[in-house]
Every structure is written in structure tokens, then in C-alpha cells.
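Take a look at the following structure, please.
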Amino acid sequence: MKDKIKSLIDLSQIEPEALKQIYDVASLDIVKKLAIMPDVHTGYDLCIGGVALVEDHISPSFVGYDIGCGMCFVNTGVKKEEIFRSRKEREKIAQQIYKAIPVGNNIRKKPLDYKPFKSASGDKNLTKKVNDKLYHSLGTLGSGNHFIEIGENLEGYVCITIHSGSRNIGHSIASYYMKKGRFLPLKSDIGQAYIQDMNFALEYALENRLTMMKEILKILGFTEKEAKKIIKKTLINENHNHAVITEEGVLHRKGATPADEGQLGIIPANMRDGVYVTVGLGNKEFLSSASHGAGRVLSRRKAKELIDLEEFKKVMDSADIVAKVSPSTLDEAPFAYKDINQVIEAQRGVVVEIIDQVKPVINIKG
DNA sequence: ATGTAC
């Protein structure tokens, strides 16, 4: 059983509950390989930061609730000084973003256009449930670790990163299929239906991020034409909750950045340290995957209990980052996360190379 | 991870 598990972090460093999940999953005959990322923590069924190769079956719970959750990134090609001259200006832009993009539990009052969903399983309730919120949820950020970040890369160019998922749409699809079984045979109607509906959620999550990306570029003063060009030329899109059918089996990633050879990805650190741009090395031992973040050291509850708001404010101010520093974001403070350098070093040259790094200027959160 | 909704 243990030879199925390949971990980028010492197993002794993993929280007991997540470790139990790892052994439970690895003990299943149907699971051929299990790769563990350094930001691993307890999730529903398969741990977050877990990548599982499964034989002939697809598992809704191995993909998780936020199907298609992931990152979009662009490099505007404009230097920081050309857009941001003062802190006041940055604060104004942050305000404009909060005004244009619903965050947290909020969705749009006025719906945006998107092609309707029809459940491949034929379930009328699921179809209705998804379509009900489809247009209102598009272009909304969500909560938790989801964020919008405007930052400066190593060359001084303004880059935009968005971390968000499929909102209620993916959640509805995920819950519906999780009730159908832990593993759905690929050669079954329900398995095929899940694949189709999961793919819809992946597409929707990308559209969700792109909608926000276009709005942000507009707020930064780019014309529609310029925005299109920036996206076309520089977009990195990657999602860390999905399943892919491969020749070796069904590859499920839950909280893991795809790192096929040459594949670009984004690994976020935390609100203060920004994001890393990665290129995959296609390391099959680790199922061509990398971490999807730094990983928490404090649970959300503990973070709110232990972290001092003033301390949080101090580090964000000294890095001159405009961000929502409040009791509601204490659980997202840098101290709630592992030291990103260690997490990166555990992966550099093994599953990815780092090709760029972006320091935050503005961080938007739910 | 998520719509004030069984």
C-alpha cells in the first residue's frame, strides 16, 4: 500500500486526520497511485493536496466541491509606475474592484450572459438548480482563499492573478454526483454524465475568472481591445480541482497544480508574498502535479483566535500592500500559512521550475 | 468550497 504513495512532504509532518485519509485512499485496490503535495490538509474523502490515479472509475468526491477552482493570470506589460503613482490611487482602484465584482457570499443582482446548463444525467432538479444561479454567479469571487491580486513581477510589470472557482454551480453538480457514489464506473451512464457536467463546471469556472479579469483590466484603464490582446498573449489558466482521463487511469487532482512538461501554472503564497509562476517538469512519480499554495499552519478557527490584527496590519503596511485587513480576513493572514520558501524548495527542480514571482500591490478578498 | 434555502 505504502509504495503507491509518493509525497513531496515527509509523512510525519502531515496532520493525523489527513494522514488517515491518505492511508484510507491508498488502501483501495481501485487506486493505483497517490501523490501528496506539500500543502496537504484534511478534505472531504481525498485530502486537499492529493492527486489520485484511479482505475476505470471517476470519483466526484476526489475532485471535490469547487470543481474547476483555479487560477487565471495575465501580465499587462505595463510597468507599475505607469499605473500606480500613489497609495491613494491604489486604494481607489481597490474600491472600484469591490464595487464591480461581488465578493464573499455575494452574487450579482443583474445577471450576466452564459449558455444554459442541461444536466447530462437528465436530472431536472439539478438542471434547474444550476441554471437558477448561472448568470448571477458569473464574475463573482467567492470566499475563503479566493482572491484577486494586482502585483508587480520580477521585471516590474503589472500582473493580475485571480483565484476563484465554479461558485454554486460546481457545488451543486458536485453534491448531486457525490450522492450517486464514491466511485462511478467510466463505462456507466452516471459516470459519463458526471464527466460532462464536471467539464461544464470547469468551463464555467474559467469563464467566471475571465469575466473578472476583463473587468479588472477595464478598471486599470485598458480598452476592450487592449484587454483582449493581453489575455490572448499572456493568459495562464489552470485549475487545481478536476479529473482527467488518461491512458494510465483517471487522474484526480484536488488542490494540486497541473505540472505536465512545459505546462504553466500559478502557485499562490499568501496575501503578503504574492504568487509564483511555474513551469511543469512532467514528473510522473508525482503524477505531474505541484502544490496549489503554501498550505495552512493554523486552521481558520485557530488563526482567528491566535493572530493579532495589529500584527497583520503591520506586515501588510510595511510591504505597502492595499488589502482587506480585518477580523474577517485574519484566517488569511500570512502567519496562517506555511513559509512559502520551504514549500517552493520542496518542489523546485522536482515537479516544477519557478519562472517568475509577483509581489502584491493590491489584494482583494471576500 | 456555497443562493438567505427543505
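When reading the values below, keep in mind they use all heavy atoms of this one structure, side chains included, and skip hydrogens, waters and symmetry mates. Chain identifiers are assigned alphabetically (A, B, ...) following the order of the sequence lines, protein sequences preceding nucleic acid strands; residue numbering begins at 1 within each chain.
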Distance in angstrom units between A:Asp45 CG and B:dA1 P, rounded:
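Distance, rounded to whole Å: 17 Å.
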N/O (side chain, A:Arg167) to phosphate O (OP1/OP2, B:dG3) under 4.0 Å
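For A:Arg167, the contact criterion (side-chain N or O under 4.0 Å from OP1 or OP2 of B:dG3) is met.
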Let me know the distance between CE of A:Met178 and C1' of B:dA1, rounded to the nearest Å.
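Taking CE of A:Met178 and C1' of B:dA1, I get 9 Å after rounding.
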Salt-bridge criterion met for A:Lys6 and A:Glu285 (N-O under 4.0 Å)
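Counted as a salt bridge, because a side-chain N and a carboxylate O are separated by less than 4.0 Å.
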What is the distance, rounded to the nearest whole Å, between atom CG of A:Asn208 and atom P of B:dG3?
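In whole Å, B:dG3 P and A:Asn208 CG are 10 Å from each other.
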With ring pair (Phe, Tyr, Trp, His ring centres under 6.0 Å) as the criterion, how do A:Phe117 and A:Phe200 come out once you've worked through the C-alpha distance, each side chain's angles and the decisive distance to 0.1 Å?
CA-CA 8 Å; A:Phe117 169 81; A:Phe200 179 88; 4.7 Å; yes
Provide, to the nearest angstrom, the distance between the NE2 atom belonging to A:His146 and the P atom belonging to B:dT2.
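A:His146 atom NE2 is separated from B:dT2 atom P by 5 Å.
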In terms of side-chain geometry, is the basic nitrogen of A:Arg272 or A:Glu149 positioned less than 4.0 Å from the acidic oxygen of its partner?
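Result for this pair is no, no salt bridge flagged.
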Closest-nucleotide mapping onto DNA chain B: is A:Asn105 or A:Asp66 further toward the 5' terminus? I mean the 5' end.
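With A:Asn105 and A:Asp66 compared, the 5'-side residue is A:Asp66.
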Nearest whole angstrom, please: distance from the P of B:dG3 to the CD1 of A:Ile173.
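Nearest whole value for this atom pair: 13 Å.
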What is the distance, rounded to the nearest whole Å, between atom CG of A:Asn106 and atom P of B:dG3?
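Rounded to whole Å, this separation is 10 Å.
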Selection from B:dA1, B:dT2, B:dT4 that lies nearest to any side-chain heavy atom of A:Asn145:
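For the A:Asn145 side chain, the nearest candidate turns out to be B:dA1.
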Name the nucleic acid region contacted by A:Gly165, choosing base, sugar-phosphate or nothing; use a 4.0 angstrom heavy-atom cut-off, strictly under.
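It contacts nothing in the nucleic acid.
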Has A:His136 got its ring stacked on B:dG3, by the test of a centre gap below 5.5 Å and a plane angle below 30°?
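Aromatic stack with B:dG3 absent for A:His136.
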Between A:Arg90 and A:Asp320, is there a side-chain N and carboxylate O pair less than 4.0 Å apart?
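Counted as a salt bridge, because a side-chain N and a carboxylate O are separated by less than 4.0 Å.
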When you check the phosphate oxygens OP1 and OP2 of B:dT2, does a side-chain N or O of A:Ser143 lie under 4.0 Å from one of them?
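Checking B:dT2 against A:Ser143, a side-chain N or O does come within under 4.0 Å of OP1 or OP2.
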Without decimals, in angstroms, what is the distance between A:Leu134 CG and B:dT2 P?
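The answer, rounded to whole Å, is 16 Å.
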When the distance from NZ of A:Lys133 to P of B:dT2 is rounded to whole Å, what number comes out?
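Computing the A:Lys133:NZ to B:dT2:P distance gives 14 Å.
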Determine the contact category for A:Gly170: base if any of its heavy atoms lies under 4.0 Å from a base atom, sugar-phosphate if only primed atoms, P, OP1 or OP2 are that close, otherwise nothing.
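It contacts nothing in the nucleic acid.
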Is a salt bridge present between A:Glu89 and A:Lys92, judged by a nitrogen-to-oxygen distance below 4.0 Å?
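So A:Glu89 does not pair with A:Lys92 through a salt bridge.
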For B:dG3, does either OP1 or OP2 sit under 4.0 Å from a side-chain N or O belonging to A:Ser137?
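Yes.
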Minimum-distance nucleotide (side-chain atoms of A:Arg300 versus B:dT2, B:dT4, B:dA1)
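Nucleotide nearest to A:Arg300's side chain: B:dA1.
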